[in-house]
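Each chain gets a letter, A, B and so on, in the order its sequence line appears, and its residues count up from 1.
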2 protein chains.
Amino acid sequence: MLQTRLIDIAIDQFGRLGFDGTSTRDIARASGTAMSSITYHFGGKEGLYLACADHIAQGIRERHATSIDLMLDAGTLDRPTAVQRCLAIVDSFAQIMLHSGSERWARFIVREQQAPTEAFERLYQGVMKDMIEGFCALLAVVKPELPPLELRALAMLIFGQTLVLRAARASVCKALGTPELGDTEAQLLRNRIRENSLAILNGGIE
Amino acid sequence: MLQTRLIDIAIDQFGRLGFDGTSTRDIARASGTAMSSITYHFGGKEGLYLACADHIAQGIRERHATSIDLMLDAGTLDRPTAVQRCLAIVDSFAQIMLHSGSERWARFIVREQQAPTEAFERLYQGVMKDMIEGFCALLAVVKPELPPLELRALAMLIFGQTLVLRAARASVCKALGTPELGDTEAQLLRNRIRENSLAILNGGIE
DNA sequence: GTCTATACTACGATAGAC
DNA sequence: GTCTATCGTAGTATAGAC
């Protein structure tokens, strides 16, 4: 489908070069079509950009439906189960950040975070909001003593451990002395994230 | 000084709009000079871009000389002292990420991480390398049982907690329900980072 | 050293053929 | 629905005046 092909290539280009750095001519050429197709299907460059954001949000939501399910019945869980679910979700995030398939749309999202536009709003409302709130519901079971705002902060900081694998990938590779993160490094990082998260979740409980 | 003014404004523009999205005309106009000054002083747009990277690396190095000092004699420390220094350094990073003055060059760096160019090499060699290795030396005292590669991974993951405050600032603000991170939110996040880091550093030790 | 003027290229949007 | 052709704008680089 032409629209999908245009969006896929556009996500890659926008993520790599930014909105201004990306040329609709290049996107059209790489899609094997004429530039005016973009005008026809999306109304212009900006319409295509927003369509990319919607496509990413929908893609994440579909691919991680199982993680979302793990958060729904948080209120009914006991603490050890909630801890295990938290660890599973964090590991799922880590895998997303490590997987090379996430590279294209991760670049798009990170770029939006630096200078949010309407596209960020769509990404947040489309998928991030539910994920953050669901994770906080689990954390509330694990750390019932924390007020809601602290739980939100904690959720984002734990998430930061996985985000660094994408947002500072170049530094992580340099630090580990590897040109890219292969299976060995991925396993090592996931294990360490798990141990760190466990320590954080059990911290203050003796 | 004209060169400095050009670089300051260029860092802001490059960080905000990316290399392609930034126009040398705009930079020159905002600096109150002619566009050809950029060609004269930096050889062109790319030369200016690399000069920005060097300027950022030097700036960070100067401003955080005290943090760097805290890492130098790691080998001679006992464990509790090393833990305290780690916490101090992480808090220092957190303050950098929280401080609005870091916004301009943080955007530049995060952008480079997504699609590294020659500028990233200069940033890494100029300042990141020493910081990461120094922090790892402290971690080696805290967790002598971990092999070097694990220490590197641990360092980057701990750093991720502070990075998220910049790289995903838009999401953090949304999650905390605030338009920007003020003093209240900053204090809350720093405290939580400290507690998380303490739990990680003491994890596995009973 | 800093400016103006200009050459050249590439951009996004759009009109109109098919 | 998809193409080609074209318009107006904006980009970098460069030559040359001062």
Whole-Å gap separating C1' (D/dG1) and CZ (A/Arg5): 13 Å
Proximal nucleotide (of D/dT4, D/dT2, C/dT2) relative to the B/His41 side chain: C/dT2
Between A/Asn196 and A/Gln161: side-chain donor-acceptor atoms closer than 3.5 Å: yes
Donor-acceptor pair between B/Gln95 and B/Asp91 side chains, under 3.5 angstrom: yes
A/Ile27 CD1 - C/dC11 C1' separation (whole Å): 12 Å
Below 4.0 Å: OP1/OP2 of D/dG1 and any side-chain N or O of A/Ser37: no
Salt-bridge present (B/Arg5, B/Asp8; N to O < 4.0 Å): no
Ring geometry between B/Phe93 and B/Phe159 (parallel below 30°, tilted from 30 to 60°, perpendicular above 60°): perpendicular
Atom-pair distance (CZ on A/Arg29; P on C/dG12), nearest Å: 11 Å
Under 4.0 Å protein heavy-atom contacts per nucleotide of nucleotides 12-18 of chain D, with B for base, S for backbone only and - for none: BBB----
Side-chain N or O of B/Tyr40 closer than 4.0 Å to phosphate OP1/OP2 of C/dG1: yes
Pairing residues for B/Arg166 by the salt bridge (charged side-chain N to carboxylate O under 4.0 Å, His left out) criterion, not counting sequence neighbours: none
Salt bridge (charged side-chain N to carboxylate O under 4.0 Å, His left out) partners of residues 58-76 of chain B, not counting sequence neighbours, each pair once: B/Arg61-B/Asp130, B/Asp73-B/Arg85
